[in-house]
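Notes for the one structure printed next.
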Amino acid sequence: MLTLKLALRNIVGAGIRTWLNVVALSLSFVIIIFMQGLYNGMNDQVERATIDALYGGGQYWQKLYDPYDPLSLTDAHAVVPANIESLMTNNEATPILIRQATIYPEGHFRSILLKGIDPNQHVLTLPSFLLNEHRNLKGDGSIPALIGTRMAKSVGLQKGDEITVQWRDVHGTFDARDMKIVEVMKTPVQEIDNDQIWISLDRIQELTSMPGQATMVVLKQKVKDQKSEATFKNVPGWNFKNLEFLLADIHALVKQKTIGASILYTILLFLALLAIFDTQVLSIFRRKKEIGTLMALGMTRAKIIRLFTIEGAFHAFLAAIVAALYGIPLLVYIARTGIALPASYDTMGYAFGEKLLPAYSAGLMIGTTLLVLLSTTVVSFLPTRRIARLKPTDALRGRLS
Amino acid sequence: MMQTRTQKSEVRSQIKVSSQIFRALVPLWLILPPLLHSQTPTGDEILKKVDENMFSESKITVLHMIIHGERGSRTLEAKSWQRGTSESFTEYLAPPRDAGTKMLKLQDRLWTYSPSTDRTILISGHMLRQSMMGSDLSYEDMMEDPHLPHLYTAKISGEGNLNGRPCWVLDLSAKKEDISYYSRKVWVDKMRYVLLKENLYAKSGKLLKTMDIREVAEVQHRWVAKSILYKDVLKEGEGTEFVVDALALDVVIPDYIFSKAALKK
Amino acid sequence: MIRFLLKGLLRDRSRSSFPVLIVSAGVMLTVFLHAWLNGTILNVTQSTAQFKTGYVNVMTKAYAARADQIPNDLALLGVDTLLASLKQQFPDLLWAPRIMFGGLLDIPDEKGETKEQTPVSGLGVDLFSPNSPEWTILNIRSALVRGHLPEKQGELLIADELAQRLNIQPGQKATLISSTMYGSMALENFTIAGMLRFGVGPMDRSAVIADLSDIRQALDMQNGAGEILGFFRDNLYHEERANAITAEFNAEYPSNDPENGAGKFSPIMETLRTQSGLSEVLDIMAVYMRIIIGVFVFAMSVVLWNAGLTGSLRRYGEFGLRLAVGENKGHVYRSLIVESLAVGVAGSCIGTAIGLAFSYYLQVHGIDISGAMPKENAMMIPDVVRAQIEPATFVIGFLPGILATFFGSAIAGIGMYKRQTAQLFKELET
């Protein structure tokens, strides 16, 4: 108890020096959490955006559908089973019909996917409502269509442009229509962008003579948890794909990057340790007389070591409080507003949003705080071992043996 | 090969003879049309006549195909045996790289054989829709039932003049659902009941492909297309030319030709 | 005077070796972080270069315009001549002609009838020329999971995941169905030599690799190649050099010069950055890296500034004594600054040197993370994390190293002017 009191008094007594150290150390806290949050945010963002835009709460695939086999698409369509359809009427699921199609940008053959989605759906963030806003194009005019920025760039299309799309209906009869690009959507999710054109579900069903049919049905997020098991039984001819399955590729990628993240974390941790180590070593150097006095007064070496270690740990503890004081509002602010990214970019493995949104989990915050506290305590302790070898007489004279 | 060559020259001489007759008769035909068409046939009747004229129960064709690609044109030569609407066998003769490649169509199945791999492979649905040997035609186009009256009902939409030949213009609309082209427009030579031009449309009415018959010839009392330019309208390029070098109609073709065993022979 | 100060510094370890140690450590961390983040970007560029674009890439103009469609009908022809001139003109790069292609792989049963048929995406690379760079570039040897590497023509490597799905074993026959560059149907028999693991989802699902000559034969592309990829020998992307090479090469093949096979089939060179939207990836990574480096340098500066500051604060007693014996405040202050600069320079130099040495080691050897990777470690993507030293890596450490130490002491020194000598002297006691 005396040691604690003494440590506290010493720290407060050191005044400005303490506060400088504490501020420097608190900065390390904030930065470690910020960097990791940024990193997690990046990974989270990819996952979240993909879930929001395409995966929802999982997907039912028509049994023949295989996204990696274009051959499968011809036959991968069927009428949605009644129990799943009931979810659709409640806006808890939305069907998507996928057909193979051909476009001829600049006269060159190009195979694409023509996807139909309900413009009124509220299951996915995919901005299908835009197809609705331009319903007036219906009739003899061209069909309103939605593409992503990557597709737009790759085939040289802009908002307002028209393109002829050719496909076959359910009987194999050729059909071709002009489609008008009503919007080029900027999406971080490549899976709703690359080599595909979105049109209204009822149009594609009508055009391909596949009324009420779909290739997949996307569930609203968490619907599976809310409904009874029975709702999802009896879906013959359809296979349910859960998020774990759908996100497997993203998870694998994140796993690869985690090793990189841990190296960054280590370097940042070193930064914090450097701050405390510096303080600690200097204290012992400068406070030899004090140590000698304490020894002369009868304090054991172990107690003195404990005193100095506690002082070091106190620095970290105070730093954690200070970090919380200015760090939490700052980090929350950044998490809300995000860090804007340059306007045009694309990625290969990763899908970023327009800005980076850091994500801090409680685990990250508490874990980091504990880790920093623990390691600073260890680092505070390390230089104090010299005290153990100190002779009181030398110490009193200000010498280190 | 020898046999092919003799057949080829036989058929060639037939074409030659018939085109001589054709030249001799031209002046007469120029006077005749008004007299002949006091009674206009219906579209379906015309289409039926075209079918009767153009299609024989069996035929052996030697043809070359000029494919205009990005890097200039190349010519493929092939000999093809056909019986009815569902059996056909094609062997490529040139260029050397493609020589010996064979294709067998039985009903709606298509096999291909390549001598270099000694494999017979069934061309599946997806592949059938691909361009045939780089041409503007897909394998599937090749496999269509050639009897238009089976597939379409015809209406006369007008009369016209194409390449100096008076013709009927017919609008064809599909009789059944499982058909590649929902509608067609054909130009029929009023005299010879041979197609002079054909447009193929999507369900929406959009023009997808065109066929221009640049030359016709009379073979065994039938008028047939001798040179055709086939073009995918949506695609850039000059299209694909088919030129019939030799044609023998109503010949007896042995059964073994239309067997998978013949592919490996 | 400086000699005197240096002597003082050297003799008082608490004023010299320790601050230098701290500054060195901070600088070292900064330098290493910079090199390591560069290395992260490098990993992206390397795997892109490896599989897709090379560091520079020669194609026909028409091919380049639609490169994402892999239009082999627009491929380069007369590759031998072009390759020879590239090798002669730019000997500092490794040149690798490749053909990418799509098609079907047909697996026969005992009777030779189709048992399985699946779409594949293929890569024709030079496997058999002596000194072919592809073995190292594609890391093929270490990616092999089963079977053996191709030893003769007509052998095919296939992605392991795909092979498992098709249930095929090494030694089995397969027929590739594709189309020639002229559009004819292409059929070619192969023997499955071995299975590879790429570590890239789409490739693991559909990739096959064969020797270039086999693919040329199959696709009727005699002496042709879709692309000729250029790789720097150190496998690092040197952007300026790549730009210079590209400019030099393209100047020789002006677009409308009929002499050089004008128009759309004349060759054009592009750099890694200009292809496949990678410039945007690199830009975004650069932004991310700048944020991290910026924040880190700032934090490190605060730590070192703080070290300098507290170090100097502790010397108020000494200053009091020096003032008492007649030194003027300006002199004391100046000597403090000079000392801090000396510490900063020394620490920065040592830190940069150690940081660079460490980074260089990681640049050459890398950290093998394969042990930390899930599943089998055989993979084509780099399983070694490397650092990359850039010109900026040499100077980045001096920023926190010298400036922060300098400002720390400068601010602490100001305090001296605000206090009485007696007061400072008194601090000697504490």
Side-chain angles (χ1 to χ4, degrees), chain B residues 65-78 90-103 109-139 142 232 235-237 239-240 260-261 263-264, chain C residues 60-63 65-66 69 71-78 102-120 153-154 156 173-191 214 216-222 224 261 263-266:
Chain B
M65 205 163 33
I66 304 165
I67 298 166
H68 301 283
E70 291 277 3
R71 275 208 152 90
S73 307
R74 69 198 176 100
T75 305
L76 284 171
E77 275 179 51
T90 306
E91 177 177 359
Y92 288 87
L93 307 172
R97 195 193 149 86
D98 294 303
T101 299
K102 294 167 196 162
M103 286 178 189
R109 286 155 81 83
L110 182 69
W111 286 270
T112 185
Y113 170 83
S114 86
S116 65
T117 59
D118 194 31
R119 291 263 336 254
T120 302
I121 286 172
L122 178 69
I123 302 183
S124 60
H126 180 73
M127 278 281 284
L128 287 174
R129 295 176 178 187
Q130 305 261 323
S131 141
M132 182 188 69
M133 306 304 265
S135 70
D136 277 30
L137 246 80
S138 66
Y139 292 103
M142 283 282 285
D232 186 330
K235 214 165 99 179
E236 188 190 58
T240 303
K260 276 169 78 183
L263 286 167
K264 287 205 177 196
Chain C
T60 67
K61 286 201 171 67
Y63 188 105
R66 291 196 287 134
Q69 300 286 298
N72 276 332
D73 51 335
L74 308 171
L76 289 164
L77 291 177
L104 295 172
L105 196 67
D106 185 289
I107 313 293
D109 59 13
E110 306 79 50
K111 289 181 202 152
E113 300 276 330
T114 298
K115 190 172 75 180
E116 290 273 4
Q117 217 177 64
T118 189
V120 291
Q153 298 210 316
L156 188 76
K173 300 263 181 245
T175 305
L176 173 74
I177 309 170
S178 186
S179 55
T180 69
M181 74 179 288
Y182 305 103
S184 278
M185 185 181 281
L187 291 167
E188 193 76 23
N189 281 343
F190 285 96
T191 307
D214 286 331
R216 279 177 168 170
Q217 165 66 28
L219 306 187
D220 197 8
M221 295 173 72
Q222 287 321 308
K264 56 185 185 177
F265 294 115
S266 63

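Every heavy atom of this structure was used, including side-chain atoms; hydrogens, water molecules and symmetry mates were not. So that the names make sense, note that chain A is the first sequence line, chain B the second, and so on, each numbered from 1.
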Point to revise | Close side-chain approach of C:Met185 and B:Tyr139, heavy atoms under 4.5 Å | key: yes
Counting only heavy atoms closer than 4.5 Å, note whether [X] contacts chain B via side chain, backbone, both or neither.
X        : answer
C:Leu77  : both
C:Pro108 : both
C:Thr114 : both

Point to revise | Part of B:Ser114 within contact of chain C (heavy atom distance under 4.5 Å) | key: both
Check your understanding: For C:Gln153, what residues pass the side-chain contact (heavy atoms from CB on, under 4.5 Å) criterion, not counting sequence neighbours?
Key -> C:Phe128, C:Asp211, C:Ser213, C:Asp214
Exercise for review: Quick one: which of B:Arg74, B:Arg71, B:Met132, B:Met133 has the most heavy-atom pairs under 4.5 Å with chain C, could you say?
Suggested key: B:Arg71
**Study point:** Options B:Ile121, B:Ile67, B:Asp98, ranked by heavy-atom pairs under 4.5 Å with chain C, top entry
**Key:** B:Ile121
Check your understanding: Do you know which of C:Ser184, C:Gly183, C:Ala62, C:Ala186 has the most heavy-atom pairs with chain B at a distance under 4.5 angstrom?
Key -> C:Ser184
Check your understanding: Looking at C:Asp220 and B:Arg97, does any basic side-chain N land under 4.0 Å from a carboxylate oxygen?
Key -> yes
Exercise for review: Not counting sequence neighbours, which residues clear salt bridge (charged side-chain N to carboxylate O under 4.0 Å, His left out) with C:Glu113? List them please.
Suggested key: B:Lys260
Check your understanding: Of the non-hydrogen atoms in B:Leu122 and C:Gln117, which two are nearest, and what is the gap between them?
Key -> O-NE2, 3.8 Å
Check your understanding: side chain to side chain contact (heavy atoms under 4.5 Å, CB included) with C:Leu187: which of B:Thr101, B:Asp118, B:Thr117?
Key -> B:Thr117
**Study point:** Spatial distance of atom OG1 (B:Thr112) from atom CD1 (C:Ile177) [nearest 0.5 Å]
**Key:** 9.0 Å
